[in-house]
Participant: 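A single structure is presented below for examination.
Everything numeric here is computed off the predicted structure, so don't read it as measured data. Here is how names work: the chains are called A, B, and so on, in the same order as the sequence lines, proteins then strands, and each is numbered from 1.
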Number of protein chains: 2
Amino acid sequence: MGKIPAHRSAVTLRDVAEQVGITASAASMALSDSSRISEKTKTLVRAAAAELGYVPSSAARALRNQRAGAVALIVPNTTRHVFGHSYFMHVLTGVSSVANDRDTQVLVSTNSDEANGLAAYERVMRSKSADGAIVTSAAVTDPYVERLSQSGLPVVLIGNFPYLPDSITVGIDDVAAEAAITRHLIQVHGTKRLMHVSGPLDHQTAIDRRDGFLAAVAEAGLLESSLVIEGDFSEDAGWQAVRSLGQGIRDIDGIVFANDDMAFGGLEALTDQGLTVPGDVAIVGFDDFGLSRLTTPSITTVSVPAEDLARVATERLFDIIDGVSDGPAHQHLPVSLTLRSSCGCVPKGAQPHR
Amino acid sequence: MGKIPAHRSAVTLRDVAEQVGITASAASMALSDSSRISEKTKTLVRAAAAELGYVPSSAARALRNQRAGAVALIVPNTTRHVFGHSYFMHVLTGVSSVANDRDTQVLVSTNSDEANGLAAYERVMRSKSADGAIVTSAAVTDPYVERLSQSGLPVVLIGNFPYLPDSITVGIDDVAAEAAITRHLIQVHGTKRLMHVSGPLDHQTAIDRRDGFLAAVAEAGLLESSLVIEGDFSEDAGWQAVRSLGQGIRDIDGIVFANDDMAFGGLEALTDQGLTVPGDVAIVGFDDFGLSRLTTPSITTVSVPAEDLARVATERLFDIIDGVSDGPAHQHLPVSLTLRSSCGCVPKGAQPHR
DNA sequence: TCGTGGTGCTTTATCGTTAAAGCACATCCG
DNA sequence: CGGATGTGCTTTAACGATAAAGCACCACGA
């Protein structure tokens with residue numbers, strides 16, 4: 001193996017320069033292809049750098065250039081409980097791929113130590129460990145996020161934050177999406193007595209999805225026969241919501257869950273009570289981060305392009321870091337309905353395998 | 001839209017020192033509680049630092065101290081396909097929590113862009129962006145991982161790497177675990193004609209699990225009536241494996257899949273063919289990263305403590321970084337069997353909700 | 001012949017932090 | 001009362017990279 005020799009101590013630019021017989025400055029200029037360095041020297045320097053396995057010290061570069069060469073992916077601690085794991089993975093994948101193209105490191109910062117009054121991610125930014133941050137799914141009223149987005153540091157939020165109109169955000173139109181899938185239930189499957197199990201209503205996402213449901217129900221004249229129960233995006237909340245109606249659940253013929261986890265919990269509760277899905281009750285979820293495809297019946301849902309959201313947000317972030325400030329402050333990416341078995345669209349077990 | 005924030009430039013230690021009327025060095029000593037600084041000055045410095053919102057520059061510190069204050073979580077691109085998203089999330093959670101306790105940043109390096117012949121994660125280490133790395137590799141022979149672990153840089157591998165005896169690893173005993181769950185199928189459920197769908201056999205995990213299966217089958221004298229099919233840990237491979245037997249599948253009464261994804265794929269294929277699980281065939285998976293609990297029937301599996309593995313690995317990494325070099329080179333954490341419906345232990349639909 | 005303009009490097013200074021050495025001044029002990 | 005020890009700061013230097021300025025040297029035109 002050992003094509004590249006094992007190095008006891010790190011190779012610095014000086015080592016490279018010395019081997020060529022010039023100063024570190026000249027070597028630096030050579031590697032950055034300066035016009036003030038002869039082609040011959042450039043070739044020599046490049047060869048020496050390759051031979052010695054020179055990799056610039058990120059700390060020295062960061063200090064000198066006042067640029068960390070890293071972006072932070074910030075996850076306020078509440079998020080872990082509120083959103084599933086897979087959502088975050090999709091986001092990380094998106095951020096990573098864009099960052100990679102820019103030779104930038106990705107730093108993941110969750111918030112657990114608020115010991116010194118500063119959120120962990122505020123420290124990350126203030127210490128200049130990262131040049132900018134992607135903030136994912138914060139609560140409506142997270143004061144740290146608010147301060148961060150108003151600090152003047154490059155920050156892009158994933159989601160919708162009407163309370164922070166000056167921030168840069170990339171999200172989806174939750175209202176329209178939830179309205180669309182509700183309409184699907186009403187128009188295609190003829191459901192008339194609908195229930196919505198919402199997320200925690202201190203999250204904008206939860207509010208918007210509820211409003212979308214209500215809009216679709218209202219426009220169909222079904223507002224009277226509908227109800228909303230507040231959940232918290234957890235599987236258990238979906239289960240509880242269905243249980244809480246007791247026998248009253250038999251009057252419902254369609255349930256719109258604000259996410260897939262709750263839909264799965266609801267599905268279990270319905271099955272426990274001897275109700276069939278979609279026979280007795282048609283249900284739909286939201287997110288499509290993995291779970292909804294696996295259940296029996298599989299759950300019809302709104303596919304949220306999490307990875308794309310992250311990708312677009314990160315590209316936006318780099319623009320801001322580079323001083324390019326055009327582009328809309330608030331962007332919405334399109335979503336699609338993924339029709340499966342739980343609403344009655346696809347016969348149980350008939351989904352093509354691949 | 002371009003308003004200039006109050007904190008235009010960052011607060012440096014010099015700003016703090018100037019406000020107190022001393023030099024930056026003295027301020028530095030004050031903040032590190034040096035005995036050569038008077039209590040009065042220390043108090044003043046601390047107050048000024050708090051007032052100005054001073055946060056040390058990570059780059060300057062890293063350069064001066066020759067320590068980045070960050071660890072890297074390295075995920076070779078093959079790993080992501082082999083293990084799912086959830087595995088990775090558990091690992092990230094574990095690494096983060098330990099790193100957070102040590103005021104250390106977590107840097108995630110996934111793609112290996114081999115543009116300049118150096119894997120992305122080798123650049124991370126060589127550029128001193130991180131003081132050490134946790135590597136979640138799967139393949140038996142990743143030359144970059146090999147080189148990294150032999151470079152002398154602090155590295156801890158999650159998994160088992162018998163071909164790298166000098167490396168520090170934290171894993172589980174795949175052989176024993178797969179043998180145990182196979183024995184469960186044989187002894188508790190009386191299966192006699194067993195199939196194993198393995199992972200790709202250039203992965204140590206796949207090899208070990210297969211060997212565990214074979215050991216258990218051999219000790220029960222069932223080697224003759226058993227077979228092994230090589231898969232690749234994907235859902236589709238599980239599906240294909242079952243299909244590939246044609247009607248021959250009806251001679252099988254127990255299938256040990258090397259992970260849950262393949263078990264789910266196999267479950268679908270079995271159901272498609274009109275076979276019931278666990279009635280006609282008892283099946284088990286491996287991992288328990290989320291999926292196996294969601295399916296119908298839920299899948300009996302080996303629970304891999306991914307978060308704990310990551311936590312232990314990270315603690316080990318910090319020890320190495322700090323120069324503490326005791327502790328075993330190769331550690332195994334215990335696993336547990338999670339009995340669900342697919343083997344026949346728990347009646348379908350009878351699992352307690354919480 | 002002198003100046004003007006490249007060319008190709010070296011010198012210098014800086015980013016922010018911190019260990020080590022330096023230096024006044026005070027205090028203690030024999 | 002003079003050397004030793006302490007106290008509390010300042011000065012210096014270094015971590016590694018890199019812009020900017022400096023400086024030889026050569027070539028060319030007037």
Participant: Can you tell whether the side chains of B:Asp131 and B:Arg102 come within less than 4.0 Å, N to carboxylate O?
Facilitator: no

Participant: Tell me yes or no: between the side chains of A:Ser127 and A:Ser129, is some donor less than 3.5 Å from an acceptor?
Facilitator: yes

Participant: With sequence neighbours left out, what residues match A:Ser25 under side-chain hydrogen bond (donor to acceptor under 3.5 Å, both in side chains)?
Facilitator: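 So A:Ser25 forms no side-chain hydrogen bond (donor to acceptor under 3.5 Å, both in side chains) with any residue.
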
Participant: Indicate yes or no: does B:Glu315 engage B:Arg311 in a salt bridge with an N to O separation below 4.0 Å.
Facilitator: no

Participant: Consider only side-chain N and O atoms of A:Thr136 and A:Tyr87, and report whether a donor and an acceptor are under 3.5 Å apart.
Facilitator: yes

Participant: Is the closest side-chain heavy-atom distance between B:Val16 and B:Val45 below 4.5 Å?
Facilitator: yes

Participant: Between side-chain atoms of residues 160-169 of chain B and protein atoms elsewhere (two or more places apart, or another chain), which donor-acceptor pairs fall under 3.5 Å?
Facilitator:
{"residue": "B:Asn160", "atom": "OD1", "partner": "B:His332", "partner atom": "NE2", "Å": "3.0"}
{"residue": "B:Asn160", "atom": "ND2", "partner": "B:Ile172", "partner atom": "O", "Å": "2.8"}
{"residue": "B:Tyr163", "atom": "OH", "partner": "B:Ala139", "partner atom": "O", "Å": "3.4"}
{"residue": "B:Tyr163", "atom": "OH", "partner": "B:Val140", "partner atom": "O", "Å": "2.4"}
{"residue": "B:Ser167", "atom": "OG", "partner": "B:Leu164", "partner atom": "O", "Å": "2.6"}
{"residue": "B:Thr169", "atom": "OG1", "partner": "B:His330", "partner atom": "ND1", "Å": "2.8"}

Participant: Applying side-chain contact (heavy atoms from CB on, under 4.5 Å) to B:Asp326 and B:Val324, what does each step give before you reach the verdict?
Facilitator: CA-CA 6 Å; B:Asp326 56 349; B:Val324 182; 3.0 Å; yes

Participant: Between protein and nucleotides 14-20 of chain C, map the contacts as a letter string: B base, S sugar-phosphate only, - none, heavy atoms under 4.0 Å, written 5' to 3'.
Facilitator: BBBBBB-

Participant: Base, sugar-phosphate, or nothing for A:Ser38, non-hydrogen atoms under 4.0 angstrom?
Facilitator: sugar-phosphate

Participant: Could you list, one pair per line, each protein nitrogen or oxygen that sits under 3.5 Å from a nitrogen or oxygen of nucleotides 22-28 of chain D, together with the distance?
Facilitator:
none

Participant: Checking A:Gln19 now: which residues fulfil side-chain hydrogen bond (donor to acceptor under 3.5 Å, both in side chains) with it, not counting sequence neighbours?
Facilitator: none

Participant: Quickly work out the B:Ile37 CD1 to D:dT7 C1' distance and round it to whole Å.
Facilitator: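 Atom-to-atom, B:Ile37 to D:dT7, this comes out as 10 Å.
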
Participant: Output the distance between atom OG1 (B:Thr314) and atom CG (B:Leu73), rounded to the nearest 0.5 Å.
Facilitator: 8.0 Å

Participant: Tell me the bend of the helix from C:dT1-D:dA30 to C:dG30-D:dC1 as the angle between end helix axes, each from five pairs, rounded to the nearest 10 degrees.
Facilitator: 70°

Participant: Nearest-Å distance, CD1 (A:Ile22) to C1' (C:dG8)?
Facilitator: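 Taking CD1 of A:Ile22 and C1' of C:dG8, I get 10 Å after rounding.
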
